[in-house]
There are 2 protein chains.
Amino acid sequence: MNNRRITLKDLAKELELSASTISRALDNHPGISPETKEKVKLKAEELGFTRNSIAASFRKSKTLTLAVIAPRIDIHFHSLVISGIEEYAYKTGYNVTIFQSRDSLKREKKITETLQNNMFGGVVICQASETKAYEHFKKLTKMKMPIVFYDRVPTGLEASKIIINDYESSFLATEHLIEMGCKRIAHIGGSQSTGIFKSRFEGYEAALKKHQLPVYKELVHFTKDLSYDEGVLTANKLLMGQPKPDGIFCSNDYTAVSAIQVFQKKGVKIPEQVAIVGFSNYPISKIIEPNLTTINDRAFDMGQAAAKLLIRQIEEEDDFIQSEIITIKTELLIRDSSRRK
Amino acid sequence: MNNRRITLKDLAKELELSASTISRALDNHPGISPETKEKVKLKAEELGFTRNSIAASFRKSKTLTLAVIAPRIDIHFHSLVISGIEEYAYKTGYNVTIFQSRDSLKREKKITETLQNNMFGGVVICQASETKAYEHFKKLTKMKMPIVFYDRVPTGLEASKIIINDYESSFLATEHLIEMGCKRIAHIGGSQSTGIFKSRFEGYEAALKKHQLPVYKELVHFTKDLSYDEGVLTANKLLMGQPKPDGIFCSNDYTAVSAIQVFQKKGVKIPEQVAIVGFSNYPISKIIEPNLTTINDRAFDMGQAAAKLLIRQIEEEDDFIQSEIITIKTELLIRDSSRRK
DNA sequence: AATCATTATGCAAACGTTTGCATATAAATT
DNA sequence: AATTTATATGCAAACGTTTGCATAATGATT
């Protein structure tokens, strides 16, 4: 029993045709007669022939594989984005290979080096938190690798990006708290060296100013990475300090959930005494009681948009476009943690 | 300005050596003199040469890419497993390409067909819930594609598998409730046509029997997919029905959380009046109040183990082994939802 | 000095597919 | 009947790397 894979040549011999004819027949090339196509396809099915994609990629020097670099894939936001990327890629015949930078610049660099090995048609990137310089990305651009950034995108680098309007979303979230009657609105924010968290703070600030509310610096706290535990610490500070907040806008849902719990434990009524809004629409926001008002950042849609844009770039549909920035529409999901009366 | 990629031949010409020498030098082949190696590596660095992996894969007819088929990657368990796979693969120089079956048999079949295109050295699979026959997997085996299954594994198919001991874990979880003094322990389970959920029920049953406790069929409820909403429905049934449970063992954390909430809302004290245990150690289990006692299924470790086993199979280190089943150790994380006194 | 062993490098074929061009045959047009 | 056009298929080279084998150059052994 011969266990070699069936190749085009085997099919050719079997059918007394040339390999090129077989290849074209399977491609539905117009120059091949319908009868031959039929015969070839039947035989291919019969012998269980499948193209060797490696050989094809090699010959055409192009692949149908996309790379994704995310800080980590076990963070719900990223797993949703990747899910969106995979979904779109699957429909268009592309594969998706994933890499985790684990927020390490060193690892991110290593990965971008790997990407130079011709295996990938393009790459979707959410940069590591450590990354402040972009030389390694520029190297990719130099070798004409299409890139689409998402979420944490490099500032000051001309590149395609999929983002949400963090400023505006935060503005709306804060304005919602104001509409609910809050006067002393606190903010639990993320590291201000990360663009998106800076924008979220600025949106919050702008909303307060627009409505002539004071920005108490005692009510603004920045955490290192918006973890649940940091949220607990920060919420306790707010609980103890002065002035007492009657609303909190948090830059993510974890800190918002911790705030709900800390305040509730002290007998503070949510949303009556303190209204709370989060950011990202994590699964827990629908489970925590009261359900958390939050910003739906449409991570899955971001992923789909990223894949779509990247593939368009790879296939050079509009080769006069150098870069493109797409902003995904967010929505404020009003739930019980902020709904008054 | 010539924009072609640098190839071995270019390097060869530049250094007045043959392509084979270059290739071997970069590979640290013993037959090449140290001086030549040094020269070659320097020049490669200088010209920014990177191997064309496609060409190499083609020539060697082997790739360093693993495929993963998961039902979906935005489920925390799977994203953790994939994270583990990626971590191990990264360290061993493999890439990881992901596919989502979305629990559809049709899509799973389509994906397994794609896998026959020579692009992958092996595949890690968690089968779709719809899948009951394994012909499409057998096709892969027939073409000598190494496979490792995890979590939802095919029964009655000789294959390598990474599993946890669902039966024993559930037994221990239930026994824990018994030790806490529970006499009427309910079970919220998953579809009994899925092996792992059947085993979890059986472990629960066995623990009750061992301790001569009755298995009230009014206290055993199977849901379709263990969703939060189904959990709410089921918990309400338990709350209204007879006999009243004083403990609940749930086959996942979502239903356990919903049970906590439903009972709490009716003023039932957790764990004093009803003790609750979940399964899987989802992030929410550490956040819900009281914190949920649950089984840590070590998803990340499962992923690492799967990658390790798969790569061992690909590299045929023990080619006399036909298949291997690895059971990952679980642990019962005792938290406040079941801790009495 | 002749032979053998060792070390370093090169030659050339091969992997399976795709594709521009050539060719053969049949059909249509003069 | 001769020429043009259309249709269907084949030829052969190419993509960049790897690898078994051959060869050249050097050093060691008789």
Side-chain angles (χ1 to χ4, degrees), chain A residues 2-41 43-44 47-65 93 116-121 143-144, chain B residues 2-41 43-44 47-65 93 116-121 143-144:
Chain A
N2 187 353
N3 233 334
R4 240 187 65 262
R5 274 181 63 87
I6 309 279
T7 71
L8 277 184
K9 283 181 191 167
D10 299 329
L11 268 184
K13 195 171 290 175
E14 190 85 11
L15 290 165
E16 296 180 307
L17 286 168
S18 74
S20 40
T21 303
I22 309 286
S23 177
R24 286 193 262 248
L26 294 171
D27 274 351
N28 257 322
H29 187 103
I32 305 294
S33 74
E35 303 83 55
T36 313
K37 282 182 187 168
E38 191 56 26
K39 253 195 311 185
V40 170
K41 286 176 186 170
K43 201 68 175 182
L47 301 188
F49 168 80
T50 45
R51 265 196 175 73
N52 181 332
S53 306
I54 301 256
S57 280
F58 172 50
R59 163 65 225 239
K60 297 197 277 193
S61 46
K62 89 195 253 303
T63 84
L64 292 177
T65 304
Q116 306 189 21
N117 69 0
N118 275 30
M119 296 272 288
F120 306 98
M143 56 177 298
K144 305 221 180 301
Chain B
N2 187 353
N3 231 333
R4 239 185 68 261
R5 272 182 65 88
I6 309 279
T7 70
L8 277 183
K9 282 180 192 167
D10 298 330
L11 267 185
K13 195 172 290 174
E14 191 85 10
L15 291 165
E16 294 180 308
L17 286 168
S18 74
S20 39
T21 302
I22 309 287
S23 177
R24 286 192 261 247
L26 294 171
D27 274 352
N28 258 322
H29 187 103
I32 304 294
S33 73
E35 304 83 53
T36 314
K37 281 182 187 169
E38 191 56 28
K39 253 195 311 184
V40 169
K41 285 176 187 170
K43 201 70 175 179
L47 301 187
F49 169 79
T50 44
R51 265 196 174 71
N52 182 333
S53 307
I54 301 257
S57 281
F58 172 50
R59 163 66 224 238
K60 298 197 276 194
S61 46
K62 89 195 255 301
T63 83
L64 293 176
T65 303
Q116 307 189 20
N117 69 0
N118 276 28
M119 295 273 289
F120 306 98
M143 57 178 297
K144 306 223 180 298

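Predicted model, so just to flag it, every value in this text is computed and none were measured. Reckoned from all heavy atoms, side chains included, excluding hydrogens, waters and symmetry mates. Proteins come first, then strands; the chains are lettered A, B, ... in the order of their sequence lines, and each starts at number 1.
- Contact record, B/Ala19 with B/Ala12: N-CB, 3.7 Å, taken as the closest heavy-atom pair.
- The stretch residues 20-41 of chain B touches DNA chain D through B/Ser20, B/Ser23, B/Arg24, each having a heavy atom within less than 4.0 Å of the strand.
- Atoms CG (B/Asn118) and P (C/dG16) sit 9 Å apart, rounded to a whole Å.
- Annotation: salt bridge (charged side-chain N to carboxylate O under 4.0 Å, His left out) contacts involving residues 6-16 of chain A, sequence neighbours excluded, comprise A/Arg4-A/Asp10, A/Glu14-A/Lys43.
- Atom pair B/Asn52:CG and D/dT17:P shows a separation of 6 Å (rounding to whole Å applied).
- If you take CZ of B/Phe58 and P of C/dT17, they are 8 Å apart, rounded to a whole angstrom.
- Expressed to the nearest 0.5 Å, how far CG of B/Leu15 lies from OG1 of B/Thr21 amounts to 10.0 Å.
- In this structure, CD1 in B/Ile22 is found 9.0 Å from NZ in B/Lys39, a value given to the nearest 0.5 Å.
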Donor-acceptor contacts under 3.5 Å from residues 48-56 of chain A side chains, at least two apart:
residue, atom, partner, partner atom, Å
A/Thr50, OG1, A/Arg5, NH2, 3.1
A/Thr50, OG1, B/Gln116, O, 3.1
A/Arg51, NH2, A/Ser23, O, 3.3
A/Arg51, NH2, A/Asp27, OD1, 2.8
A/Asn52, OD1, A/Ile54, N, 2.9
A/Asn52, OD1, A/Ala55, N, 3.1
A/Ser53, OG, B/Asn117, ND2, 3.0

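- When rounded to the nearest whole Å, the span between CD1 of A/Ile54 and C1' of D/dC15 equals 14 Å.
- Of all the residues in residues 7-17 of chain B, B/Thr7, B/Leu8, B/Lys9 reach under 4.0 Å from DNA chain D with at least one non-hydrogen atom.
- Partners of A/Thr65 under the side-chain hydrogen bond (donor to acceptor under 3.5 Å, both in side chains) rule, at least two apart in sequence or in another chain, do not exist in this structure.
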Could you go step by step and tell me if B/Thr63 and B/Asn118 meet the side-chain contact (heavy atoms from CB on, under 4.5 Å) rule? CA-CA 8 Å; B/Thr63 83; B/Asn118 276 28; over 6 Å; no
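- Under the side-chain hydrogen bond (donor to acceptor under 3.5 Å, both in side chains) criterion, A/Ser57 pairs with no residue, sequence neighbours left out.
- Looking at which nucleotide of DNA chain D each of A/Lys60 and B/Lys60 is closest to, the 5′-most match is held by A/Lys60.
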